[in-house]
K.L.:
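Shown below is the structure under consideration.
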Amino acid sequence: MSTLTRFFARPAPVVARELIGAAFTVDGVGGEIVETEAYEPHDPASHSFRGMTARNASMFGPPAHAYVYRIYGLHWCFNMVAERGSAVLIRALEPLTGLDAMISRRGAADPKTLCAGPGRLCQALAIEGRHDGLPLAEPPFALSLPKQSRSVDVATRIGVREATPAHLRYCMAGSAYLSRKARSSQS
DNA sequence: CTTTGGATTGTCT
DNA sequence: GACAATCCAAAGA
C-alpha cells in the first residue's frame, strides 16, 4: 500500500486537518492547501449520507482518489477521497506555481482570490468532471504531504446548515488566501 | 464595509 | 419540480 493510500485511508476530519500545508498541483499548476472541509457518511450534509448514487460513486471508491462534481449548475468542486464514503473538500490554496495559467483561466489577477473557494480553485487548476475518480498519485495530479505540522484554525463549514454545528472546516492559521476569514475559530 | 439576489444544470424525490 | 458543499455584481449602511 502506498504512502498516499495509507494517509487517506483514515477518517475525513483527520485527513482534512493534516492536509493543511500540503502541496498540490494539476499539470504543474497549483500551490499549498490552506483550507479544507471534512464530509463523512453519517453526516446529513454529506453527499454519501443517503448511500451510493451515480454522482457520488467516487466517494465509495478507493482512498487517495479524486471526487469531482458540479455545484449550482455552474461550478466544479474538488474533493479527495478518504476512508470509504468519506471525502475532504479542498476549499482554497495559496497559488505558487503556474500563476500565468491560473490568471488566464480565471480572468482575474489577484493572487489572494485566485484559488479562494472551491469553484475558483477548480477554475484556476482546470479541474473538471473528467478528473472524477482519477488517482491522486498519478498525473495530471501531484500531491506532497506537509513535512511538519502546521498551526490550523478550526471553524464551522460554509454553506452547510446543521442542527449541531460541527467544526469540520480547517484553515491554515493566518493565511491570506482563505475563501473567508476564519471567524469562530479555535485551535 | 456588509447584505442580497441572480445565474444555471445535474441529480434526486 | 425542488434544490444544491458557490460566485459575482449591485445595492445599502
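In the text below, chain A, chain B and the rest are named by the order of the sequence lines, each starting its count at 1. These numbers come from the heavy atoms of this one structure, side chains and all, not from hydrogens, waters or symmetry mates. What you see is a predicted model; the values in this text were computed from it and never measured.
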K.L.:
Report the distance from atom CG of A:Leu114 to atom P of C:dC8, rounded to the nearest whole Å.
P.N.:
11 Å
K.L.:
Please give, in whole Å, the distance from B:dT11 C1' to A:Leu74 CG?
P.N.:
15 Å
K.L.:
Are the ring of A:Tyr39 and the six-membered base ring of C:dA5 within the stacking cut-offs of under 5.5 Å and under 30°?
P.N.:
yes
K.L.:
Do any side-chain nitrogens or oxygens of A:Arg70 fall under 4.0 Å of OP1 or OP2 in C:dC7?
P.N.:
no
K.L.:
For A:Glu35 and C:dT6, give me the distance from atom CD to atom C1', rounded to whole Å.
P.N.:
13 Å
K.L.:
Could you tell me the Watson-Crick or G-U partner of C:dA5, where both distances fall under 3.5 Å? Say none if there is no partner.
P.N.:
none
K.L.:
Taking a pair as Watson-Crick or G-U wobble with both distances under 3.5 Å, which nucleotide is matched to B:dT8?
P.N.:
none
K.L.:
Determine whether A:Val81 and A:Val88 make a side-chain contact, defined as any pair of heavy atoms from C-beta on separated by less than 4.5 Å.
P.N.:
no
K.L.:
Rounded to the nearest Å, what distance is computed from the OH atom of residue A:Tyr67 to the C1' atom of nucleotide C:dA4?
P.N.:
11 Å
K.L.:
A cation-pi test, strictly: NZ or CZ of A:Arg10 under 6.0 Å from the centre of the six-membered ring of A:Phe7 and no more than 45 degrees from its axis. Yes or no?
P.N.:
yes
K.L.:
Rounded to whole angstrom units, what separation is found between the CZ atom of A:Arg50 and the P atom of C:dA5?
P.N.:
11 Å
K.L.:
Would you say the side chains of A:Ser48 and A:Asn56 form a donor-acceptor pair under 3.5 Å?
P.N.:
no
K.L.:
If you only use heavy atoms from C-beta on, which nucleotide in C:dC8, C:dC7, C:dA4 is closest to the side chain of A:Pro118?
P.N.:
C:dC7
K.L.:
Determine whether the side chains of A:Gln123 and A:Arg105 contain a donor N or O and an acceptor N or O closer than 3.5 Å.
P.N.:
no
K.L.:
Nearest whole Å is fine: how far is B:dT9 C1' from A:Glu128 CD?
P.N.:
15 Å
K.L.:
Using whole Å, what does the distance between atom P of nucleotide C:dC7 and atom CG of A:Leu178 come to?
P.N.:
13 Å
K.L.:
Mind calculating the distance between CZ (A:Phe49) and P (B:dT13) to the nearest angstrom?
P.N.:
12 Å
K.L.:
Should the side chain of A:Tyr69 and the base of C:dA5 be counted as holding a donor-acceptor pair, with the cut-off at 3.5 Å?
P.N.:
yes
K.L.:
Measuring to OP1 and OP2 of B:dT11, would you say a side-chain N or O of A:Thr53 lies under 4.0 angstrom away?
P.N.:
no
K.L.:
I'd like to know if the side chain of A:Arg84 and the backbone of A:Gly61 have a donor-acceptor N/O pair within less than 3.5 Å.
P.N.:
no
